[in-house]
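The structure under discussion appears below in the form of structure tokens.
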Amino acid sequence: MAVLCLPSFLFSITNLLLLLFTSSATSALDSIGPFQSISDGQTLVSKQGSFRLGFFSPGISKNRYLGIWYNNIPTRTVVWVANRCNPINDSSGLLTINSRGNLVLFGHNNNESEVWSTRSVKQAKNPLVQILDNGNLALRDEEDGGNPEAYLWQSFDYPCDTLLPEMKLGWDLRTGLKRSLSAWKNPDDPCPGDFTYGYELGQTYPEAYIRNHGAKFYRNGPWNGLRFSGVPELTVNRFFNFGFVYNEDDVYYTYKLINESVLSRIVLNQTTSTRERSVWVEAEQAWKQYSSLPRDYCDHYGLCGANGKCVISQNPVCECLDGFKPKSDEDWNNMEWSEGCERSVPLSCQERYKDGFVKFVGLKLPDTTHSWVNKTMNLKECRAKCLRNCSCMAYTNSDIRGEGSGCVLWFGDLVDIRGFPENGQDLYIRMPASELEKKRKAIVDSKVKTEAIIVAVIGVAFAMLFVGFAIARNRTVDLKASSDRIKIDDSRGRKEDLELPMFKQSTIAIATNNFSLENKIGEGGYGPVYRGLLQDGQEIAVKRLSPSSGQGVNEFKNEVILISKLNHRNLVRLLGCCIKGEDKMLVYEYMPNKSLDTFIFDEKQSKLLDWSQRFKIIHGIARGLVYLHQDSRLRIIHRDLKASNVLLDRDMNPKISDFGLARISGGDQIEGNTNRVVGTYGYMAPEYALDGKFSTKSDVFSFGTLMLEIISGMKSRGFHHPHLGVTLIGHAWRLMQEGRALELIDGDKSNYSKNVTQEVLRCVHVSLLCVQQQPGDRPSMSSVLLMLSSTDSDLPEPKPPGYFMETYCLAETDSFSSKHVSFSNNDITISIMDAR
Ligand SMILES: *[C@@H]1O[C@H](CO)[C@@H](O)[C@H](O)[C@H]1NC(C)=O
Ligand SMILES: *[C@@H]1O[C@H](CO)[C@@H](O)[C@H](O)[C@H]1NC(C)=O
Ligand SMILES: *[C@@H]1O[C@H](CO)[C@@H](O)[C@H](O)[C@H]1NC(C)=O
Ligand SMILES: *[C@@H]1O[C@H](CO)[C@@H](O)[C@H](O)[C@H]1NC(C)=O
Ligand SMILES: *[C@@H]1O[C@H](CO)[C@@H](O)[C@H](O)[C@H]1NC(C)=O
Ligand SMILES: *[C@@H]1O[C@H](CO)[C@@H](O)[C@H](O)[C@H]1NC(C)=O
């Protein structure tokens, strides 16, 4: 009994018994002919014993299926199933050849009940069924001499979830036979799920897609003569050969093992939503994954939308192709990329303003659904052909071997492009004349500059050197002007009026009633803030910077111009600035609802904020921070995020203020180590407060603290737990550990629905992740945003957070005292000058 139980997870008991019977007593058959049959329990084994055909039950199912599996390995690995969706519910299965020469499977104790059968067109004189050593089940005529071309039927033409070596994935265009993979529904049911992999008919430049629930999920990219455009790592290897056949008769991919005693297979896996290649490792007696697709975020089909490009090493991963801009800035900034990008300048497609092409390099070629190919045209003819048709957007060689040959054209939007650092391809994208001019200039400028340097290095003759220098100087000026312009012009190519309004000091003075005390609405770390009214009726807030910033006027102006380009609904809009000598002022839009702290920390006002509003505010702040951290041009670390720096507009939308001030007044690095710590006690990350190390992750810490304040209505600074002496953070952690996190909530929660309760708990959880001691343990703001938005994914468990006990904070204050500490009044922004 014990012997039977042991391997029962691999084979059902009956099967095992019968298998023992077949392999010891009768030795399995290697072929069957007319009037012969295989019943449940009997098997058919290939000549050299590589594969076995028989009946089996998958996983925990009791159903019986006819299938093929590897014969020489202990882990039963089924590579093909006949009656995938039509199981036999007892052991009465019978495989035989019927009078018409077809292979038939009967079941259910009934030789009339056909469960599955082949449908060969031709009838064999002497039909013979064989399982071959490559795993192919073939029905053939004994007279055919074993010629594969003459097979009447073969299982290789009807793949299930596995592509074995020598199988073909693709079309026989003469017969219309499509060989594609479909994953098992689950490990207990071989019936096709909704995860498929194959080539689609009608694409002149064919490529394979993985589809999930019918939607495109991943594509390999078209074959470029050497490999698939989207799989640059697929190169000649010592392990398998591969090839792609593409002509009038056939479109298919196939591979062959170099050493045939190695076992390898490609499987489509519904559970993991991947296409895996695995290898049997004899020493470990296990399948090991060799590769898996899609391999990363950028492989997800169309992630960056039309005319977008995914670069996995970038943060965020999506960008618009040069010459394109996001269709919706707002969506794009919120990492909602599916809308994609549109042209910055429309194409003209007229004779007078001729379009041209810009060469992009290092790409996975776009989806070829709307493409056209000619294998003999060269690149020049290809370009001309594309130019003649206004809807042709791009072209390139269809075959990159040697010098490159063939022509492929794309029509309409370019979809699912990604960048590859190595082995990416060239793509020539149509551009209007104005964009071309811009490119041309940039190239000329950089060329001249390089030439000048070469001349200088070689130093052939003094005169030449002189001439070279003169050119270089002139050009450098040009280049500088143009690169400045490009920088400010912004990467999305929008042309805007670049001038930031400069307000006259007198205008500001009038608007703020000469900086009167009644007009003063606050005092931040960087100076006092006044409310003002411009003559045109617009309300403004004026921030007067403390003179200590020590930055030159030009640098200040440049910074302000850059920061004024930041435009996000969750950032306070900078309207302009004013510089008069040492006096520097920033002019913002005025926020009628003041700052967040006036709501959450006020007994009366806080009652006006219900949970949904609080959640909206948390969400908005998170979005604003994602934008600050990830905007590729600036990457601003706020460094002083706190409730009083979050302003509320008329509709209670949160707007982060004082962003970029760290940049303006510090003038030091944007990421790294500073000896001038600017921040607010209670919000500062430990590594920043102690060592002056700051990064986007120190902002995440402040955000986590702020989130706890918004949830609880308690101040992080000045929080005193009556008994324990823990901080707000420590308090929150304790409550969560004890499953009492709901107690943290400000106000009446008796009428909270289950959904709201879940949302609150999730927010507490996320904030504790944000205030982890180690920066590496804190999520990025974009992950925070995802965590806040999705309700079904599991969150990692937080470790004990930074600033757990009050004593820890005190110890820290001690270490501050050795430095110069200045507290700027009740707002408790501190700056620490450290002369290390
Ligand atoms: C097995 O399937 C057959 C045909 O579908 C059905 O008639 C029979 O009742 C089933 N037997 C059991 C035990 O479920
Ligand atoms: C089916 O089974 C019945 C009874 O066992 C037998 O008489 C008949 O010949 C069988 N038919 C075939 C096609 O095998
Ligand atoms: C093929 O692989 C087997 C098993 O790994 C090994 O023993 C054999 O030497 C290999 N043959 C060749 C020609 O490399
Ligand atoms: C799919 O992946 C899961 C998890 O790695 C694995 O357990 C399972 O065996 C795989 N299925 C197939 C058909 O390879
Ligand atoms: C491909 O281009 C060549 C050369 O321009 C031409 O002769 C041929 O007819 C074209 N083939 C197709 C299918 O368009
Ligand atoms: C441009 O190409 C598209 C797509 O192949 C085609 O439908 C259209 O007729 C072509 N237009 C011209 C003017 O050739």
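Residue numbers run from 1 in the order of the sequence given. Just so it is clear, the values below take in all heavy atoms, side chains as well, and ignore hydrogens, waters and symmetry mates. For ligands, and for the atoms within them, numbers begin at 1 and follow the listed sequence.
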| field | Ligand-side contact atoms (ligand 4) for residue partner Val267, heavy atom cut-off under 4.0 Å | value | 13 (C), 14 (O)
| task | From the options Cys85, Cys191, Ser57, Pro58, select the one residue that forms a side-chain contact (heavy atoms from CB on, under 4.5 Å) with Tyr65. | result | Pro58
| field | From CA spacing to verdict: ring-ring contact (aromatic ring centres under 6.0 Å, His included), His300, Phe217 | value | CA-CA 6 Å; His300 286 94; Phe217 180 72; 5.5 Å; yes
| message | Between Asp322 and Lys309, does any NZ, NE, NH1 or NH2 come within less than 4.0 Å of an OD or OE carboxylate oxygen? | response | no
| query | Cys304-Cys310 sulfur separation below 2.5 Å? | reply | no
| If we only count N/O pairs under 3.5 Å, is Asp161 in contact with ligand 4? | no
| Of Tyr246, Phe240, Tyr199, Phe228, which meets ring-ring contact (aromatic ring centres under 6.0 Å, His included) against Tyr253? | Phe228
| task | Under 4.0 Å from a heavy atom of Ser261: give me the atoms of ligand 3 that qualify, with their elements. | result | 1 (C), 2 (O), 3 (C), 4 (C)
| message | Quick check with a 6.0 Å cut-off and a 45 degree axis cone: is Arg277 positioned over the face of Tyr255's six-membered ring? | response | yes
| query | Do the numbers put Arg265 on top of the ring of Trp287, so that NZ or CZ is under 6.0 Å from the six-membered ring centre and no more than 45° off the axis? | reply | yes
| message | Show the atoms of ligand 4 that are less than 4.0 angstrom away from any heavy atom in Thr272. | response | 2 (O), 4 (C), 5 (O)
| said: Side chains of Trp410 and Thr368: any donor to acceptor distance under 3.5 Å? | reply: no
Does ligand 6 have any N/O pairs with the protein under 3.5 Å, and how far apart?
unit_1   : atom_1 : unit_2 : atom_2 : d
ligand 6 : 2 (O)  : Asn389 : ND2    : 2.1
ligand 6 : 11 (N) : Asn389 : ND2    : 3.0
ligand 6 : 14 (O) : Asn389 : ND2    : 3.4

